[in-house]
Chemist: 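Dumping the structure here so I can ask a few things about it.
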There are 2 protein chains.
Amino acid sequence: MLPLTGYSVSADRPAAIQIVERLRNAIVRLELPPGQMLSESDLAESFGVSRTPVREALIKLAQQGFIEVRPQRGTFITKIRPKELLEARFIREAIETAAIERIVGRLDSAATRACEATLKDQRAAAAAKDIYAFHLADDAFHSTLAQATGFERLSGMIEGEKALMDRVRILSLKTMPPFKRLISQHKAILDAVVAGDRQAALTQMRGHLRELLTTLPQASHDYPQYFTEKIDPGSDWAETHSGASL
Amino acid sequence: MLPLTGYSVSADRPAAIQIVERLRNAIVRLELPPGQMLSESDLAESFGVSRTPVREALIKLAQQGFIEVRPQRGTFITKIRPKELLEARFIREAIETAAIERIVGRLDSAATRACEATLKDQRAAAAAKDIYAFHLADDAFHSTLAQATGFERLSGMIEGEKALMDRVRILSLKTMPPFKRLISQHKAILDAVVAGDRQAALTQMRGHLRELLTTLPQASHDYPQYFTEKIDPGSDWAETHSGASL
DNA sequence: CAAACTCAACTTGTATACTAGTGCACAAGA
DNA sequence: TCTTGTGCACTAGTATACAAGTTGAGTTTG
């Protein structure tokens, strides 16, 4: 029933951690569809462990917003909530622009090379039409920039907010992947940061983050069962709910 | 041994949730000192439950950064890491100034009244020299402003970052509580937001958040056992590590 | 036929038992 | 005295069993 059957966890690491990783991956990639019910017993059987580590994994995922536990009823993959996505974008914009402010013109050579490497990975993934590899490289770009601030938890926070948005990204990437556009946006951000052009770097980052959700109305129209509410593609929904205006 | 002995959880709500609340409170108030080891068995006995709900509570607290689980060794209250506090301040400044941008000049009367109520609570707490009540009202002020953005998770995030800083706050409040100063800062922020003075609101909020950690060197000197590293009170540590310069 | 009741099969929450690994005290040896 | 080995008491991780609550299908009853 579940697309996880047959893959047991390995014994060299705590089972709960492995289960978190696997489930989170499956959720973000929509292999476990939003709204899907999860049974602790079934999961335990799938992973070849008891319910205990499964429960601990579910607690962590619930705290990250990927699942919802309804006592005595069941555990469910959270549906995509458009309002939550706008909030994630708001938070990312606040944090990532603040990070830009901090690193613009100060990126050392190691960090610069690391960012360039993610661009290279993205180009390779785009050429191979591998949306998951593309996704990983996209994660890496934003994480690398965040780590350059010297703060340790920043990249984790960004990844968390990012993951909430990624399900929509996957939906849109399936139909029309704007690989080149995203890569050039990343490159523009990096170039501005390296060049020390604060204003350009901020503008590029904002534009990049704001564009991520433009496909949301279309996605919610194509896959209504994955969303908590429907959005009229013709409306200016994202704008009226965004940070620009209240 | 633990200052929690004798207080059992009630049966009307899940035990794990109650344990999270109680432990988190005890940690933030330094009733459980940083570095202290926690035994799952002892906690279970103290709360009158089995290890299972205790473990689930500890998992949540670990994810929030309050405790650290070292496999097969023990569970410990995290020591205060100055770098992490600066990071929390960075994140709060990024998010709370973004929130200000969003609500300045648009605060409805209900939210305005709610903010004013927190000021009143703070004045009452200051008069009664009740630092915990003062603290609660302080939480409420920032949460109320965050909620005014219409975003739901924002106030929770701010509270999380705030809680990390609160242990230092408690240490300094014990010796010399700057009640009036903090209240007037809150008032200045609220006034500027209501008046629609964007620049003033941002400046006030930044100043307020930056001042919160000025007592950190003194606190780390007075209670070195609570910190992971020592800070020379005479140095410009906070400045050299803050967002202003890399 | 429709409404209500019953019961069985689920769900999550909690308790208990066991496993494997760590560290410390303490004794035996050089 | 210092080192080294050994065992015990402790830790977190996992498995299993049971408790309490929800849901829905099937039957009974009006």
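Letters A, B, ... are given to chains in the order of the sequence lines, protein chains preceding strands, and every chain is numbered from 1. As the structure is a computational prediction, the values presented were derived from the model and not from experiment.
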Chemist: Between protein and nucleotides 21-23 of chain C, what N or O pairs are separated by less than 3.5 Å?
Modeler:
| residue | atom | partner | partner atom | Å |
| --- | --- | --- | --- | --- |
| C:dG23 | OP1 | B:Arg73 | NH1 | 3.1 |

Chemist: If the plane angle is over 60° it's perpendicular, under 30° parallel, otherwise tilted; pick one for A:His142 and A:His186.
Modeler: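 Plane angle over 60°, so perpendicular.
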Chemist: Can you name the residues that form a ring pair (Phe, Tyr, Trp, His ring centres under 6.0 Å) with B:Tyr226, not counting sequence neighbours?
Modeler: B:Tyr223
Chemist: Output all residues satisfying side chain to side chain contact (heavy atoms under 4.5 Å, CB included) with B:Glu84, sequence neighbours left out; order by chain, then residue number.
Modeler: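 B:Glu84 satisfies side chain to side chain contact (heavy atoms under 4.5 Å, CB included) with A:Arg153, B:Arg81, B:Leu164 once adjacent residues are dropped.
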Chemist: Which residue pairs satisfy the salt bridge (charged side-chain N to carboxylate O under 4.0 Å, His left out) criterion with at least one member in residues 46-68 of chain B, sequence neighbours excluded?
Modeler: A:Arg55-B:Glu56, A:Glu56-B:Arg55, B:Glu40-B:Arg51, B:Glu40-B:Arg55
Chemist: For B:His135, which residues count as a ring pair (Phe, Tyr, Trp, His ring centres under 6.0 Å) partner, sequence neighbours excluded?
Modeler: none
Chemist: B:Lys79: what forms a salt bridge (Lys or Arg N to Asp or Glu O under 4.0 Å) with it, not counting sequence neighbours?
Modeler: none
Chemist: How would you list, by chain and number, every residue that makes a salt bridge (Lys or Arg N to Asp or Glu O under 4.0 Å) with A:Asp121, sequence neighbours excluded?
Modeler: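 If we apply the salt bridge (Lys or Arg N to Asp or Glu O under 4.0 Å) test to A:Asp121, skipping adjacent residues, there are no hits.
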Chemist: Using the side chain to side chain contact (heavy atoms under 4.5 Å, CB included) criterion, which residues pair with A:Ala117? Sequence neighbours excluded.
Modeler: none
Chemist: Toward the 5' end of DNA chain D, which comes first, A:Pro14 or B:Gly74, by nearest nucleotide?
Modeler: B:Gly74
Chemist: Taking any atom closer than 4.0 angstrom to a non-hydrogen atom of chain B, what span of DNA chain D does the protein reach, first nucleotide to last?
Modeler: D:dT11 to D:dT14
Chemist: Taking only residues two or more places apart in sequence, or in another chain, which ones meet B:Phe66 in a ring pair (Phe, Tyr, Trp, His ring centres under 6.0 Å)?
Modeler: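 None.
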Chemist: Please list residues of residues 49-59 of chain B whose heavy atoms come under 4.0 Å from any atom in DNA chain D, ordered by number; otherwise none.
Modeler: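 By residue number: B:Arg51, B:Arg55.
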Chemist: Kindly write out the residues that satisfy salt bridge (Lys or Arg N to Asp or Glu O under 4.0 Å) with B:Glu211, not counting sequence neighbours, or none if the list is empty.
Modeler: B:Arg181
Chemist: Take atom CD of A:Glu40 and atom P of C:dT14, then tell me their distance rounded to the nearest Å.
Modeler: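 Answer to the nearest Å: 12 Å.
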Chemist: Taking atom C1' of C:dG13 as reference, at what distance in whole Å does atom CD1 of B:Ile19 sit?
Modeler: 12 Å
